[in-house]
There are 2 protein chains.
Amino acid sequence: MIVQKPTTSTNEPSATQAAYTLLRKMILTGELPAGEKLKIEKLRGILGTGASPVREALSLLTSDMLVERIDQKGFRAASASLKNFREILSLRCTMEDMALRQSVERATPDWEESLVLAHHRMQKTDRKENVQGFEEAHKVFHMQLLNNADSPVLLRFCSQLYDLNIRYRYLAAESVDYRKRNTAAEHRSILDAALRGDAEASAEALLDHYKRTGSYLEEALAAL
Amino acid sequence: MIVQKPTTSTNEPSATQAAYTLLRKMILTGELPAGEKLKIEKLRGILGTGASPVREALSLLTSDMLVERIDQKGFRAASASLKNFREILSLRCTMEDMALRQSVERATPDWEESLVLAHHRMQKTDRKENVQGFEEAHKVFHMQLLNNADSPVLLRFCSQLYDLNIRYRYLAAESVDYRKRNTAAEHRSILDAALRGDAEASAEALLDHYKRTGSYLEEALAAL
DNA sequence: GCTCCAAATAATATCGATTTTTATTGACTC
DNA sequence: GAGTCAATAAAAATCGATATTATTTGGAGC
């Protein structure tokens, strides 16, 4: 028998967890620029916490390839380059292709419903008004597409690569003109193919979506 | 001629680094069994260091998926299961296939020489006399095969998956009888194909090697 | 016997201070 | 000037102690 715990205690995350979440966001959005030295004392100030949680959060962020650690020389935000961007894009294409096919082939009503829901929420969020919110909903939708694949390690890789890619989206944010594109239609066609259980078509639509975005970003990132 | 890095013995590694290396080995070899709770105090005793380096090393090990961290409930060695083993094997096959093809297609004399060298060193090490040494040489050989692929993130994934797989090799160590196999011949045919620049044949030989090993281990791991 | 709750215990997480290492500066030599 | 080296400054790494949180234990009531 399952007994629900009272959970009276405040569910505040630990200082490490809070630091991890905030630093992660700061790196993804570019508030902490790629390649920047991450000094413990400075971050201590920003986060209002001791050195231990900061160090531990930074160590955890190396898992995500968002922070590089050099023994006895501290931490720095992972560097960005056009080459890295291309590698990420290429790997995403092969790995998400794999994951999406598995996911669609194992379709269940529950999964389909959660997918429709994620899509709806993303649709409802206006990118211009609320970039942060849109980016979150966008990630949820894309990960939900893959989520039905029974392969935790693969999904972890995909999630990591997604985040690494997002950083480049923020990097290129100013110069990219999203108005020229119809991403909504692209998302719709991925969703439709997935919902009718067509793994081949959904994978094709997904990769097309990524490659289009890739070309778009490529211009903006040429400076790197 | 390729010269191995002389390991810069002038400066000893930090306590964190030392803890990381040792804990990593202990988890890979099963000295710290899969799923086991990793108590800071206990590890402090083993490593003869403070709590901070231990915590930091454990945080770094989550990068490698060798340690799981649950906020405010500490760390534990990553759990092992037959399902996980199969997933690792499957992912390795697709990702190393990709990496090896890239690597072979970009072949250079330097790379070929380093490959021959890595193979020779592995050959020279007797598995029965020196398991630890053989495992190291074996990893160097396999990673060297892929090393010429110009894709750092892919190589990182392959290295991670390799280590996760090694753990299962140690788990199954007692019950598997390697005498029934001729892994030397398999390694040789991968090497030969790679050296003559035949990406297709080398990839095929590599995957065959992994699948054979997989079938072997599968029996031994049935208990999981 | 079973559940619920509170005290006691054990472990994690965090802090502040100290030690160790790296980076920088500036005088000195060639 | 360029290079070397010691002294200084800055930062990272580590320690020991404390605060916080989870887990266990031991009744009291039903």
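A note on names: the letters A, B, ... follow the listed sequences, proteins ahead of strands, and every chain is numbered from 1. Note that the structure is predicted; figures quoted are calculated from it, not measured.
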Q) So which one's nearest nucleotide on DNA chain C is more toward 5', A:Asp71 or A:Ala15? A) A:Ala15
Q: Not counting sequence neighbours, which residues clear ring pair (Phe, Tyr, Trp, His ring centres under 6.0 Å) with B:His119? List them please.
A: B:Phe141
Q. Taking only residues two or more places apart in sequence or in another chain, which ones pass salt bridge (Lys or Arg N to Asp or Glu O under 4.0 Å) with A:Glu41?
A. none
Q: Check whether any side-chain nitrogen or oxygen of A:Thr49 sits under 4.0 Å from OP1 or OP2 of C:dC15, and answer yes or no.
A: yes
Q. What orientation do A:Tyr162 and A:His142 show, parallel under 30°, tilted 30 to 60°, or perpendicular over 60°?
A. tilted
Q: Examine C:dA13: is either OP1 or OP2 under 4.0 Å from a nitrogen or oxygen in the side chain of B:Lys73? Give yes or no.
A: no
Throw together a table of side-chain donor-acceptor distances under 3.5 angstrom for residues 19-26 of chain B, partners on residues two or more places apart or in other chains.
{"residue": "B:Tyr20", "atom": "OH", "partner": "B:Arg24", "partner atom": "NH1", "Å": "2.9"}
{"residue": "B:Tyr20", "atom": "OH", "partner": "B:Asp64", "partner atom": "OD2", "Å": "2.6"}
{"residue": "B:Thr21", "atom": "OG1", "partner": "B:Gln17", "partner atom": "O", "Å": "2.9"}
{"residue": "B:Arg24", "atom": "NH1", "partner": "B:Asp64", "partner atom": "OD2", "Å": "2.7"}
{"residue": "B:Arg24", "atom": "NH2", "partner": "B:Asp163", "partner atom": "OD2", "Å": "2.2"}

**Q.** side-chain N/O B:Thr16 vs D:dT14 OP1/OP2, d < 4.0 Å
**A.** yes
Q: Let me know the distance between CZ of A:Arg76 and P of C:dT22, rounded to the nearest Å.
A: 15 Å
(Q) When you compare the side chain of A:Arg156 with that of A:Ser63, does any pair of heavy atoms fall below 4.5 Å? (A) yes
Q. Think B:Lys37 has a side-chain N or O under 4.0 angstrom from the OP1 or OP2 of C:dA11?
A. no
Q) Just wondering, do B:Arg55 and A:Ser52 contact through their side chains at under 4.5 Å, heavy atoms? A) no
Q.
At a heavy-atom distance below 4.0 Å, what parts of residues 51-62 of chain B sit against DNA chain D?
A. B:Ser52, B:Pro53
Q) Quick one: do B:Asp71 and B:Lys73 make a salt bridge, cutoff under 4.0 Å? A) no
Q: Round to the nearest Å and state the distance from B:Phe75 atom CZ to C:dT12 atom P.
A: 9 Å
(Q) If you take any heavy atom closer than 4.0 Å to DNA chain C, which residues from residues 38-47 of chain B end up in contact? (A) B:Leu38, B:Lys39, B:Ile40
(Q) Going by the rule ring pair (Phe, Tyr, Trp, His ring centres under 6.0 Å), which residues pair with A:Phe157 if we only count those two or more places apart in sequence or in a different chain? (A) B:Phe157
